[in-house]
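Note that the structure is a prediction, hence the values are computed from the model and not measured. Each chain gets a letter, A, B and so on, in the order its sequence line appears, and its residues count up from 1.
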Number of protein chains: 2
Amino acid sequence: MKPVTEPRWLDERQARAWRGYRRMRALLDLQITRDLAADSGLSDADYDVLSNLSEVSPHRLRLTELAATMLWSKSRLSHHLTRMQQRGLVDREECPGDARGSMIVLTEAGLRAIEEAAPHHVESVRRNMIDLLTEEEIAALDTLSHRVVAHLSGEG
Amino acid sequence: MKPVTEPRWLDERQARAWRGYRRMRALLDLQITRDLAADSGLSDADYDVLSNLSEVSPHRLRLTELAATMLWSKSRLSHHLTRMQQRGLVDREECPGDARGSMIVLTEAGLRAIEEAAPHHVESVRRNMIDLLTEEEIAALDTLSHRVVAHLSGEG
DNA sequence: ACTCCTTTGTTGACATGTCACCAACATAGC
DNA sequence: GCTATGTTGGTGACATGTCAACAAAGGAGT
(Lines give C-alpha, C1' and ligand atoms only; values in the text may rest on other atoms or scores of the structure.)
Protein backbone atom coordinates (compact mmCIF):
# COMPACT_ATOMS: atom_id res chain seq x y z
CA MET A 1 0.00 0.00 0.00
CA LYS A 2 3.04 2.21 -0.41
CA PRO A 3 3.96 2.79 -4.05
CA VAL A 4 1.74 5.56 -5.33
CA THR A 5 2.90 5.22 -8.91
CA GLU A 6 6.01 3.72 -10.37
CA PRO A 7 8.37 6.68 -10.72
CA ARG A 8 9.12 7.74 -14.27
CA TRP A 9 12.89 7.40 -14.15
CA LEU A 10 14.97 9.25 -16.69
CA ASP A 11 16.06 7.33 -19.76
CA GLU A 12 19.74 7.10 -20.58
CA ARG A 13 19.99 10.21 -22.69
CA GLN A 14 17.98 12.31 -20.27
CA ALA A 15 20.13 11.15 -17.39
CA ARG A 16 23.30 11.92 -19.31
CA ALA A 17 22.02 15.38 -20.17
CA TRP A 18 21.02 16.08 -16.58
CA ARG A 19 24.29 14.90 -15.11
CA GLY A 20 26.18 16.83 -17.76
CA TYR A 21 24.26 19.96 -16.99
CA ARG A 22 24.93 19.61 -13.28
CA ARG A 23 28.61 19.00 -13.76
CA MET A 24 29.01 21.82 -16.24
CA ARG A 25 27.23 24.06 -13.83
CA ALA A 26 29.55 23.19 -10.97
CA LEU A 27 32.79 23.37 -12.93
CA LEU A 28 31.85 26.50 -14.82
CA ASP A 29 30.99 28.21 -11.59
CA LEU A 30 34.29 27.33 -10.00
CA GLN A 31 36.27 28.49 -13.02
CA ILE A 32 34.45 31.76 -13.52
CA THR A 33 34.62 32.55 -9.83
CA ARG A 34 38.35 31.86 -9.86
CA ASP A 35 38.94 33.99 -12.95
CA LEU A 36 36.89 36.83 -11.57
CA ALA A 37 38.71 36.82 -8.26
CA ALA A 38 42.11 36.63 -9.94
CA ASP A 39 41.39 39.31 -12.54
CA SER A 40 39.44 41.78 -10.47
CA GLY A 41 39.31 40.79 -6.83
CA LEU A 42 35.53 40.56 -7.07
CA SER A 43 33.24 37.70 -6.15
CA ASP A 44 30.40 36.56 -8.39
CA ALA A 45 28.02 38.26 -6.06
CA ASP A 46 29.94 41.53 -6.17
CA TYR A 47 30.02 41.43 -9.95
CA ASP A 48 26.30 40.79 -10.18
CA VAL A 49 25.46 43.68 -7.91
CA LEU A 50 27.79 46.11 -9.66
CA SER A 51 26.66 44.95 -13.08
CA ASN A 52 23.00 45.45 -12.34
CA LEU A 53 23.60 48.88 -10.87
CA SER A 54 25.74 50.01 -13.78
CA GLU A 55 23.08 49.04 -16.28
CA VAL A 56 20.45 51.50 -15.06
CA SER A 57 20.35 55.19 -15.85
CA PRO A 58 21.43 57.07 -12.74
CA HIS A 59 23.32 54.11 -11.33
CA ARG A 60 20.91 53.64 -8.46
CA LEU A 61 18.12 51.24 -7.50
CA ARG A 62 15.83 50.53 -4.60
CA LEU A 63 17.01 47.59 -2.58
CA THR A 64 13.81 45.68 -3.25
CA GLU A 65 14.05 46.25 -6.99
CA LEU A 66 17.63 45.13 -7.07
CA ALA A 67 16.84 42.07 -5.01
CA ALA A 68 13.98 41.13 -7.35
CA THR A 69 16.15 41.53 -10.45
CA MET A 70 18.88 39.39 -8.97
CA LEU A 71 16.51 36.80 -7.51
CA TRP A 72 18.06 37.41 -4.11
CA SER A 73 16.33 37.75 -0.77
CA LYS A 74 16.28 41.25 0.66
CA SER A 75 18.09 39.98 3.69
CA ARG A 76 20.92 38.50 1.69
CA LEU A 77 21.26 41.63 -0.38
CA SER A 78 21.20 43.88 2.65
CA HIS A 79 23.98 41.90 4.30
CA HIS A 80 26.05 41.83 1.15
CA LEU A 81 25.57 45.54 0.51
CA THR A 82 26.80 46.30 4.00
CA ARG A 83 30.02 44.52 3.17
CA MET A 84 30.34 46.17 -0.25
CA GLN A 85 29.62 49.53 1.29
CA GLN A 86 32.50 49.05 3.70
CA ARG A 87 34.73 48.44 0.70
CA GLY A 88 33.47 51.62 -0.91
CA LEU A 89 31.88 49.94 -3.94
CA VAL A 90 28.32 51.08 -3.28
CA ASP A 91 26.54 53.53 -1.04
CA ARG A 92 23.11 53.89 0.53
CA GLU A 93 21.08 57.05 0.07
CA GLU A 94 17.73 58.09 1.44
CA CYS A 95 14.84 57.45 -0.85
CA PRO A 96 12.87 60.53 -1.93
CA GLY A 97 9.15 59.91 -1.46
CA ASP A 98 9.49 56.84 0.73
CA ALA A 99 11.12 57.31 4.09
CA ARG A 100 11.51 53.56 4.58
CA GLY A 101 13.35 53.16 1.33
CA SER A 102 17.00 52.76 0.69
CA MET A 103 18.58 53.79 -2.59
CA ILE A 104 21.60 51.72 -3.52
CA VAL A 105 24.09 53.81 -5.45
CA LEU A 106 27.12 52.84 -7.46
CA THR A 107 30.14 54.81 -6.23
CA GLU A 108 32.98 56.07 -8.41
CA ALA A 109 35.14 53.21 -7.17
CA GLY A 110 32.34 50.77 -7.89
CA LEU A 111 31.99 52.03 -11.43
CA ARG A 112 35.70 51.77 -12.02
CA ALA A 113 35.72 48.25 -10.58
CA ILE A 114 33.00 46.95 -12.88
CA GLU A 115 34.45 48.68 -15.93
CA GLU A 116 37.81 47.11 -15.36
CA ALA A 117 36.35 43.73 -14.53
CA ALA A 118 33.91 43.43 -17.43
CA PRO A 119 36.35 42.77 -20.31
CA HIS A 120 38.16 40.07 -18.39
CA HIS A 121 34.88 38.54 -17.35
CA VAL A 122 33.58 38.38 -20.92
CA GLU A 123 36.82 36.76 -21.97
CA SER A 124 36.36 34.18 -19.24
CA VAL A 125 32.78 33.48 -20.24
CA ARG A 126 33.84 33.06 -23.85
CA ARG A 127 36.84 30.91 -23.12
CA ASN A 128 35.05 28.57 -20.76
CA MET A 129 31.67 28.33 -22.43
CA ILE A 130 30.44 30.46 -25.30
CA ASP A 131 33.33 29.94 -27.70
CA LEU A 132 33.06 26.19 -27.16
CA LEU A 133 29.55 26.08 -28.58
CA THR A 134 28.24 26.04 -32.14
CA GLU A 135 25.74 28.59 -33.39
CA GLU A 136 23.03 25.96 -33.21
CA GLU A 137 23.91 25.06 -29.65
CA ILE A 138 23.80 28.69 -28.59
CA ALA A 139 20.42 29.04 -30.23
CA ALA A 140 19.18 25.89 -28.51
CA LEU A 141 20.49 27.04 -25.13
CA ASP A 142 18.80 30.39 -25.63
CA THR A 143 15.42 28.90 -26.48
CA LEU A 144 15.53 26.14 -23.93
CA SER A 145 16.64 28.25 -21.01
CA HIS A 146 14.04 30.91 -21.62
CA ARG A 147 11.33 28.27 -21.76
CA VAL A 148 12.42 26.85 -18.43
CA VAL A 149 12.67 30.34 -16.95
CA ALA A 150 9.16 31.13 -18.15
CA HIS A 151 7.87 27.96 -16.53
CA LEU A 152 9.59 28.67 -13.25
CA SER A 153 8.51 32.30 -13.20
CA GLY A 154 4.94 31.64 -14.20
CA GLU A 155 3.72 29.15 -11.64
CA GLY A 156 5.24 27.76 -8.45
CA MET B 1 48.50 53.04 -23.12
CA LYS B 2 45.69 51.26 -21.32
CA PRO B 3 43.47 49.23 -23.63
CA VAL B 4 45.26 45.96 -24.36
CA THR B 5 42.75 44.85 -26.94
CA GLU B 6 39.20 45.85 -27.56
CA PRO B 7 37.19 43.27 -25.63
CA ARG B 8 35.21 40.87 -27.79
CA TRP B 9 31.79 41.55 -26.32
CA LEU B 10 29.04 39.00 -26.76
CA ASP B 11 26.67 39.51 -29.65
CA GLU B 12 22.96 39.73 -28.97
CA ARG B 13 22.19 36.04 -29.23
CA GLN B 14 25.17 34.98 -27.17
CA ALA B 15 24.24 37.48 -24.48
CA ARG B 16 20.65 36.24 -24.46
CA ALA B 17 21.81 32.65 -24.19
CA TRP B 18 24.23 33.47 -21.39
CA ARG B 19 21.69 35.47 -19.40
CA GLY B 20 19.09 32.77 -19.98
CA TYR B 21 21.45 30.09 -18.78
CA ARG B 22 22.28 32.06 -15.65
CA ARG B 23 18.67 32.74 -14.84
CA MET B 24 17.56 29.20 -15.49
CA ARG B 25 20.37 28.04 -13.28
CA ALA B 26 19.29 30.27 -10.42
CA LEU B 27 15.56 29.57 -10.64
CA LEU B 28 15.97 25.85 -11.21
CA ASP B 29 18.19 25.63 -8.19
CA LEU B 30 15.72 27.39 -5.99
CA GLN B 31 12.83 25.23 -7.16
CA ILE B 32 14.60 21.93 -6.88
CA THR B 33 15.97 22.82 -3.48
CA ARG B 34 12.48 23.76 -2.32
CA ASP B 35 10.93 20.56 -3.69
CA LEU B 36 13.62 18.42 -2.16
CA ALA B 37 13.25 20.01 1.24
CA ALA B 38 9.45 19.79 1.14
CA ASP B 39 9.33 16.19 -0.11
CA SER B 40 12.18 14.66 1.85
CA GLY B 41 13.64 17.12 4.34
CA LEU B 42 16.97 16.87 2.55
CA SER B 43 19.16 19.60 1.16
CA ASP B 44 20.77 19.43 -2.27
CA ALA B 45 24.04 18.67 -0.57
CA ASP B 46 22.53 15.87 1.48
CA TYR B 47 20.96 14.34 -1.60
CA ASP B 48 24.20 14.48 -3.53
CA VAL B 49 26.15 12.76 -0.78
CA LEU B 50 23.55 10.05 -0.27
CA SER B 51 23.11 9.53 -3.98
CA ASN B 52 26.81 9.05 -4.60
CA LEU B 53 27.15 6.65 -1.71
CA SER B 54 24.16 4.60 -2.74
CA GLU B 55 25.52 4.17 -6.26
CA VAL B 56 28.62 2.21 -5.24
CA SER B 57 28.72 -1.46 -4.35
CA PRO B 58 29.18 -1.71 -0.61
CA HIS B 59 27.71 1.72 0.06
CA ARG B 60 31.01 3.15 1.25
CA LEU B 61 33.72 5.46 -0.10
CA ARG B 62 36.89 7.09 1.04
CA LEU B 63 36.36 10.72 1.90
CA THR B 64 38.85 11.86 -0.72
CA GLU B 65 37.18 9.79 -3.43
CA LEU B 66 33.77 11.08 -2.56
CA ALA B 67 35.03 14.64 -2.51
CA ALA B 68 36.64 14.22 -5.93
CA THR B 69 33.47 12.74 -7.44
CA MET B 70 31.38 15.55 -6.08
CA LEU B 71 33.87 18.29 -6.94
CA TRP B 72 33.85 19.34 -3.28
CA SER B 73 36.77 20.28 -1.12
CA LYS B 74 37.70 17.72 1.50
CA SER B 75 37.13 20.31 4.16
CA ARG B 76 33.63 21.07 3.02
CA LEU B 77 32.78 17.42 2.79
CA SER B 78 34.23 16.69 6.21
CA HIS B 79 32.15 19.45 7.80
CA HIS B 80 29.01 18.33 6.01
CA LEU B 81 29.54 14.69 6.89
CA THR B 82 29.86 15.62 10.55
CA ARG B 83 26.42 17.17 10.37
CA MET B 84 24.93 14.25 8.42
CA GLN B 85 26.51 11.82 10.84
CA GLN B 86 24.78 13.56 13.74
CA ARG B 87 21.51 13.03 11.91
CA GLY B 88 22.30 9.36 11.46
CA LEU B 89 22.41 9.42 7.65
CA VAL B 90 26.02 8.34 7.26
CA ASP B 91 28.75 6.94 9.44
CA ARG B 92 32.54 6.96 9.54
CA GLU B 93 34.49 3.75 9.73
CA GLU B 94 38.20 3.09 9.98
CA CYS B 95 39.88 2.41 6.73
CA PRO B 96 41.58 -0.99 6.43
CA GLY B 97 45.05 -0.57 5.01
CA ASP B 98 45.35 3.15 5.60
CA ALA B 99 45.17 4.29 9.17
CA ARG B 100 44.67 7.92 8.14
CA GLY B 101 41.72 7.07 6.01
CA SER B 102 38.07 7.43 6.75
CA MET B 103 35.45 5.29 5.14
CA ILE B 104 32.14 7.03 4.69
CA VAL B 105 29.30 4.58 5.00
CA LEU B 106 25.65 4.87 4.16
CA THR B 107 23.55 3.91 7.17
CA GLU B 108 20.21 2.12 7.08
CA ALA B 109 18.47 5.40 7.71
CA GLY B 110 20.50 7.05 4.98
CA LEU B 111 19.55 4.36 2.49
CA ARG B 112 15.91 4.69 3.38
CA ALA B 113 16.13 8.46 3.06
CA ILE B 114 17.60 8.40 -0.45
CA GLU B 115 15.22 5.68 -1.61
CA GLU B 116 12.23 7.65 -0.48
CA ALA B 117 13.58 10.90 -1.84
CA ALA B 118 14.63 9.70 -5.28
CA PRO B 119 11.21 9.28 -6.94
CA HIS B 120 10.06 12.72 -5.81
CA HIS B 121 13.33 14.23 -6.92
CA VAL B 122 13.11 12.73 -10.40
CA GLU B 123 9.57 14.03 -10.67
CA SER B 124 10.82 17.48 -9.74
CA VAL B 125 13.64 17.35 -12.26
CA ARG B 126 11.21 16.27 -14.96
CA ARG B 127 8.55 18.80 -14.10
CA ASN B 128 10.91 21.75 -13.89
CA MET B 129 13.30 20.95 -16.68
CA ILE B 130 13.51 17.66 -18.59
CA ASP B 131 9.86 17.40 -19.61
CA LEU B 132 9.96 20.97 -20.89
CA LEU B 133 12.59 20.14 -23.49
CA THR B 134 12.36 18.53 -26.91
CA GLU B 135 14.40 15.47 -27.84
CA GLU B 136 16.72 17.67 -29.87
CA GLU B 137 17.25 20.07 -27.01
CA ILE B 138 18.10 17.27 -24.64
CA ALA B 139 20.57 15.92 -27.17
CA ALA B 140 22.09 19.38 -27.60
CA LEU B 141 22.35 19.91 -23.86
CA ASP B 142 23.99 16.54 -23.50
CA THR B 143 26.62 17.19 -26.17
CA LEU B 144 27.27 20.77 -25.22
CA SER B 145 27.59 20.23 -21.51
CA HIS B 146 29.98 17.32 -21.89
CA ARG B 147 32.16 19.39 -24.22
CA VAL B 148 32.33 22.19 -21.66
CA VAL B 149 33.02 19.71 -18.87
CA ALA B 150 35.83 18.15 -20.91
CA HIS B 151 37.35 21.57 -21.45
CA LEU B 152 37.14 22.49 -17.80
CA SER B 153 38.46 19.15 -16.63
CA GLY B 154 41.27 18.97 -19.13
CA GLU B 155 43.18 22.18 -18.54
CA GLY B 156 42.95 24.92 -15.94
C1' DA C 1 -7.93 61.16 11.71
C1' DC C 2 -8.01 56.19 12.75
C1' DT C 3 -7.57 51.22 12.20
C1' DC C 4 -5.76 47.46 9.81
C1' DC C 5 -2.85 45.40 6.79
C1' DT C 6 1.18 45.48 3.81
C1' DT C 7 5.73 46.76 2.50
C1' DT C 8 10.56 48.03 3.42
C1' DG C 9 14.93 47.25 5.01
C1' DT C 10 17.59 45.73 9.03
C1' DT C 11 19.13 42.74 12.49
C1' DG C 12 20.69 38.54 15.21
C1' DA C 13 20.99 33.75 15.53
C1' DC C 14 22.24 30.19 13.20
C1' DA C 15 23.51 27.01 8.98
C1' DT C 16 26.78 26.47 5.69
C1' DG C 17 31.18 27.15 2.82
C1' DT C 18 36.15 28.70 2.48
C1' DC C 19 40.67 29.05 3.87
C1' DA C 20 44.96 28.16 6.21
C1' DC C 21 46.93 25.13 9.06
C1' DC C 22 47.90 20.80 11.56
C1' DA C 23 48.85 15.96 13.17
C1' DA C 24 48.98 11.43 11.67
C1' DC C 25 50.27 8.53 8.34
C1' DA C 26 52.11 6.54 3.73
C1' DT C 27 55.70 6.06 0.44
C1' DA C 28 60.06 6.44 -2.02
C1' DG C 29 64.87 6.75 -1.93
C1' DC C 30 68.70 6.17 0.53
C1' DG D 1 65.85 1.58 9.55
C1' DC D 2 65.64 6.47 8.52
C1' DT D 3 64.64 10.74 6.35
C1' DA D 4 62.27 13.69 3.09
C1' DT D 5 58.13 14.50 0.91
C1' DG D 6 53.44 14.13 -0.07
C1' DT D 7 48.68 12.60 1.36
C1' DT D 8 44.66 12.30 4.35
C1' DG D 9 41.22 13.98 7.10
C1' DG D 10 40.14 17.26 10.69
C1' DT D 11 39.89 21.81 12.95
C1' DG D 12 39.04 26.78 14.04
C1' DA D 13 38.45 31.28 12.36
C1' DC D 14 36.12 33.61 9.40
C1' DA D 15 33.00 34.77 5.11
C1' DT D 16 28.66 34.17 3.45
C1' DG D 17 23.56 32.72 3.16
C1' DT D 18 19.03 31.66 5.49
C1' DC D 19 15.38 32.39 8.52
C1' DA D 20 12.33 34.63 11.67
C1' DA D 21 11.38 38.65 13.99
C1' DC D 22 11.26 43.50 14.10
C1' DA D 23 10.50 48.79 13.74
C1' DA D 24 9.13 52.22 10.78
C1' DA D 25 6.47 53.68 7.04
C1' DG D 26 3.07 53.53 3.45
C1' DG D 27 -1.70 52.87 1.87
C1' DA D 28 -6.72 51.46 1.71
C1' DG D 29 -11.11 51.82 3.75
C1' DT D 30 -13.98 54.26 6.71
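Between C:dA26, C:dG9, D:dG17, one nucleotide has an atom nearer to the side chain of A:Arg92 than all others, and that is C:dG9. In the set C:dG17, D:dT11, C:dG9, C:dG17 carries the atom at the smallest distance from any side-chain atom of B:Arg83. Nearest nucleotide to the B:Arg62 side chain, out of D:dG10, D:dA25, D:dT8: D:dT8. Closest to the side chain of A:Arg76, out of C:dC25, D:dT18, D:dG26, is D:dT18.
Within the 4.0 angstrom heavy-atom criterion, base atoms lie near A:His79.
Looking at A:Arg100, its side chain comes within 3.5 Å of the base of C:dT7 through a donor and an acceptor atom. Contact of A:Ser75 with C:dT11 (side chain to base): a donor-acceptor pair of N or O atoms is detected under 3.5 Å.
A heavy-atom distance below 4.5 Å is found between the side chains of B:Gln86 and B:Thr82. The side-chain heavy atoms of A:Arg112 and A:Thr107, taken from C-beta on, include no pair separated by under 4.5 Å.
Atom-to-atom, CG of A:Leu81 to P of D:dT16 comes out at 13 Å; the value is rounded to the nearest Å. Between A:Met103 atom CE and C:dT10 atom P there is a gap of 13 Å when expressed in whole angstrom units. In this structure, the CD atom of A:Gln85 is 9 Å from the P atom of C:dT10, given to the nearest Å. The CE atom of A:Met84 sits 11 Å away from the P atom of D:dT16 (whole-angstrom rounding). Straight-line distance from the CG atom of A:Asp44 to the P atom of D:dT16: 12 Å, rounded to whole Å. Spacing between atom CZ of B:Arg87 and atom P of C:dA15 amounts to 11 Å, rounded to whole angstrom units. One can place CZ of B:Arg34 at 10 Å from P of D:dC19, the figure rounded to the nearest angstrom. If you measure from atom CG of B:Asp48 to atom C1' of C:dT16, you get 15 Å, rounded to the nearest angstrom.
Contact annotation: B:His80 reaches the phosphate of C:dG17 (side-chain N/O to OP1 or OP2, under 4.0 Å).
Sequence order on DNA chain C of the closest nucleotides to A:Cys95 and A:Leu30 puts A:Cys95 first from the 5' end.
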